[in-house]
**Q** 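So that we are looking at the same thing, I have put the structure below in structure tokens.
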Amino acid sequence: MATRNILIVENLHHQFGKFKVLSGISLEVPEGRLTALIGPNGAGKTTFYNVISGKYVPTGGKVIFDGIDITGMPAYKIAPLGLMRSFQITNIFLKLSVLENVLVPLALHYGKTFSCLTSLGKEKSLAEKAMVILDQVGLKDRAFRPAFELPYGDKRLVEIAIALARRPKLVLLDEPTAGMNPEETERMILLIRNLSRESGTTFFLTEHDMKVVFSVAQYIFVLHQGELLAEGKPSEIRENKAVKEAYLGGALDA
Amino acid sequence: MGRNTSVKSQFISGVSIFGILALCPIFFPIYWTMILTEILIMGLFAMSFNLLFGYSGLLSFGQAGFFGLGAYATTISILHGVKSIWLAMLIGMAASAIGATLIGFLCVRRDEIFFAMLTLGFGMMIYTVAHNWRELTGGSDGLSLFMVPPIHFFGLEVSLEPPRAMYYFSLIIVAAAVYILWRVIRSPFGLMLMASRENKDRLYFVGANVKNIRLFAFVIAGVMAGLSGALFSLFNHMAAPSFVHWSFSARPVLMTILGGSEIFFGPACGAAIFFVLEQLVTSITENWMIVLGAILIPVVIFTPKGILGTVVSWFTDNKA
């Protein structure tokens with residue numbers, strides 16, 4: 001059975017003023033395959049995610065998600081279709097509790113945004129769903145703590161939990177292990193692998209830590225100076241000459 | 001703050017405050033009953049402001065505009081023959097709802113200082129209309145309400161002319177409005193407001209139209225401000241341009257800072273501190289604003305949570 005492509009990007013261009021950040025990227029992400037986007041700093045990874053997730057309107061090209069053309073759609077309209085993202089710099093609701101952090105996307109998902117006279121405390125089914133998510137990422141026992149009190153690694157998990165809450169079809173993870181110590185990184189890798197296998201969500205991550213990429217990704221795209229340099233299985237990318245040159249040899253041996 | 005644990009204690013403290021307030025006129029002289037009426041009305045005004053400031057992270061410098069719309073629309077409709085107080089107040093609230101929807105639509109596109117400046121600008125425009133449209137608003141003299149029509153309540157006719165009657169009337173209306181505000185902040189929508197305050201970008205990326213959320217909050221706050229304005233006009237027997245002046249918009253800001261923006265009753269507590277101090281200080285000196293300033297400075301520097309906020313966090317920290 002041929003797997004369906006959950007994300008199709010066609011000839012995507014983006015530039016800030018005269019500065020070209022993305023020049024003609026085309027790629028496809030099949031449903032269920034844990035895919036990674038790598039590239040040296042400044043290759044355009046985050047811009048690529050920002051364009052797909054609706055932060056910027058691309059200057060050219062097309063983004064098709066789940067059969068729908070989402071090119072240039074604002075983020076708040078893309079998210080309900082089932083495309084969520086996490087951020088490289090932790091971007092959570094700091095003063096809210098961990099549970100509330102997950103309840104925010106859930107309340108949106110179940111159309112409770114404007115219900116202003118019902119009690120949130122009585123939304124038992126939302127709370128249950130939130131607890132399932134927190135259990136998945138391993139934050140269940142910290143559900144009632146304010147998010148700002150958590151150690152860095154746990155805040156990164158809240159970041160992931162928010163992205164997962166709406167049970168999206170595709171999650172873009174922007175450097176999920178950024179700033180983590182080796183132990184936290186290990187935990188994050190395991191989590192992403194398990195989620196990818198069990199949750200029915202497709203994960204597409206950027207990462208600059210090569211160890212993480214090669215241990216977790218099933219398929220890799222390499223971005224270099226705004227263009228797609230190579231794509232393939234981790235073993236193929238490891239041996240790819242152009243990729244090695246782009247990284248000046250160093251990083252891939254790590 | 002532990003939302004779930006404090007729900008019950010918040011509710012109980014709310015009911016107790018209501019009970020104490022209901023007993024006050026028995027022990028207080030008429031003069032202080034009137035001060036207390038003003039505190040209730042301005043307390044609601046400050047709490048409406050804090051729905052935007054404390055809960056949504058939006059600093060509005062134009063709340064007096066909606067307060068004034070409520071006051072003028074109520075007064076004008078009574079002067080034009082509306083016999084029912086309820087209907088007149090509803091007209092006042094409708095006027096501020098319409099005003100808040102139109103103005104909010106433009107203001108919620110920006111935040112921080114830009115939002116504050118936009119609300120200030122629109123507030124000044126409303127003031128100018130109130131001041132210059134003499135045929136409708138009475139110009140700089142405002143509109144006098146010679147007689148407040150009695151209310152009809154379960155077949156009973158109650159005059160609001162005696163200060164104690166006005167006090168109880170205000171207490172019931174304010175309590176109902178405060179109860180609604182309390183429901184709003186504890187609802188899923190309240191969570192959206194706090195999320196938009198904490199991180200509007202992330203909220204946007206999880207699928208929320210942040211502008212609409214803010215607009216809805218802006219309208220609720222506007223209607224509540226309009227309701228307090230309506231009460232204020234009945235209490236003062238007038239609607240005056242000073243109600244709409246931008247300096248009047250600073251009052252809920254001061255009260256909220258005094259009492260504390262992070263705590264539900266903070267702004268109302270700030271209103272109480274404001275008026276009680278004003279009474280005490282003006283009986284000694286005319287330079288009330290100097291004293292107010294001298295009090296605000298240490299409050300802002302040493303207790304950024306406000307006076308009530310600081311007291312409550314002492315209490316909860318010691319308990320834990």
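Only heavy atoms go into these numbers, but all of them, side chains included; no hydrogens, no water, no symmetry mates. Chain identifiers are assigned alphabetically (A, B, ...) following the order of the sequence lines, protein sequences preceding nucleic acid strands; residue numbering begins at 1 within each chain.
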**Q** For residues B/Arg183 and A/Thr118, report the shortest heavy-atom separation together with the two atoms involved.
**A**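 Smallest interatomic distance, heavy atoms only, reads NH2-CA, 4.0 Å.
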**Q** Non-hydrogen atoms of chain B under 4.5 Å away: do they reach the side chain of A/Arg166, the backbone, both or neither?
**A**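 For A/Arg166, side-chain heavy atoms alone lie under 4.5 Å from chain B.
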**Q** Would one find more than 12 heavy atoms of other residues, nucleotides or ligands at under 6.0 Å from atom CZ of A/Phe114?
**A**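 Atom CZ in A/Phe114 is packed in, count exceeds 12.
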**Q** For a 4.5 angstrom cut-off between non-hydrogen side-chain atoms, does A/Phe93 reach B/Arg202?
**A**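 Heavy-atom side-chain distance check passes, below 4.5 Å.
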**Q** Would you indicate whether the side-chain heavy atoms of A/Lys95 and B/Glu262 approach each other to under 4.5 Å?
**A**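 Touching, per the 4.5 Å side-chain cut-off.
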**Q** For A/Glu159, is it the side chain, the backbone, both, or neither that has a heavy atom closer than 4.5 Å to a heavy atom of chain B?
**A**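 Both backbone and side chain.
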**Q** Which one, A/Ala107, A/Ser119, A/Ser115, A/Pro80, leads in non-hydrogen pairs under 4.5 Å with chain B?
**A**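 Of the candidates given, the most pairs with chain B belong to A/Ser115.
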**Q** If we define contacts as heavy-atom pairs under 4.5 Å, which of A/Ala75, A/Pro74, A/Ala79 has the most with chain B?
**A**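 Heavy-atom pairs under 4.5 Å are most numerous for A/Ala75.
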**Q** Over all heavy atoms of both residues, which pair between B/Met192 and A/Val104 is shortest? Give the atoms and the distance, please.
**A**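 For B/Met192 and A/Val104, the tightest heavy-atom pair comes out as CE-O, 3.4 Å.
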**Q** Would a 4.5 Å heavy-atom cut-off, applied to side chains only, mark A/Leu120 and B/Phe189 as touching?
**A**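 SC-SC contact between A/Leu120 and B/Phe189 ruled out.
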**Q** Tell me, for A/Leu126 versus chain B, whether the close heavy atoms (under 4.5 Å) come from the side chain, the backbone, both or neither.
**A**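 A/Leu126 has no heavy atom closer than 4.5 Å to chain B.
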**Q** Looking at every heavy atom in both B/Asn209 and A/Tyr76, which two are closest together, and how far apart are they?
**A**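 Of all heavy-atom pairs spanning B/Asn209 and A/Tyr76, the closest is ND2-OH, 3.3 Å.
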**Q** Atom NZ in A/Lys122, atom OG in B/Ser187: separation rounded to 0.5 Å?
**A**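 If we round to the nearest 0.5 Å, A/Lys122:NZ and B/Ser187:OG are 12.5 Å apart.
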**Q** With a 4.5 angstrom heavy-atom cut-off, which part of A/Lys55 approaches chain B: side chain, backbone, both or neither?
**A**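 Both backbone and side chain.
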**Q** Restricting to non-hydrogen atoms, name the atom on B/Glu198 and the atom on A/Leu94 that form the minimum distance, rounded to 0.1 Å.
**A**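 Closest approach of B/Glu198 to A/Leu94: OE1-N, 3.6 Å.
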**Q** Relative to chain B, which segment of A/Ala165 carries a heavy atom at a distance below 4.5 Å: side chain, backbone, both, or neither?
**A**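 For A/Ala165, no heavy atom lies under 4.5 Å from chain B.
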**Q** Does any heavy atom of chain A fall under 4.5 Å from the side chain of B/Tyr204, the backbone, both, or neither of them?
**A**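 Both parts, backbone and side chain.
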**Q** Between chain B and each of A/Ile78, A/Asn101, A/Ile92, A/Leu106, count heavy-atom pairs under 4.5 Å; write down the option with the most.
**A**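 Greatest number of close heavy-atom pairs with chain B: A/Ile92.
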**Q** Is any side-chain heavy atom of B/Leu203 closer than 4.5 Å to a side-chain heavy atom of A/Leu108?
**A**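 Yes, side chains in contact.
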**Q** So, for A/Phe87 and B/Phe205, is the gap between ring centers shorter than 6.0 Å?
**A**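 Ring centroids of A/Phe87 and B/Phe205 are less than 6.0 Å from each other.
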**Q** Measuring from A/Cys116:SG to B/Leu193:CG, what's the distance to the nearest 0.5 Å?
**A**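 One gets 9.5 Å once the value is rounded to the nearest 0.5 Å.
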**Q** Can you tell if the side chain of B/Asn212 reaches within under 4.5 Å of the side chain of A/Thr113, non-hydrogen atoms only?
**A**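 Counting from C-beta outward, B/Asn212 and A/Thr113 never come under 4.5 Å.
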**Q** Are A/Asn91 and B/Asp201 close enough that a side-chain donor and a side-chain acceptor fall under 3.5 Å?
**A**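 Per modelled atom types, A/Asn91 and B/Asp201 side chains form no pair under 3.5 Å.
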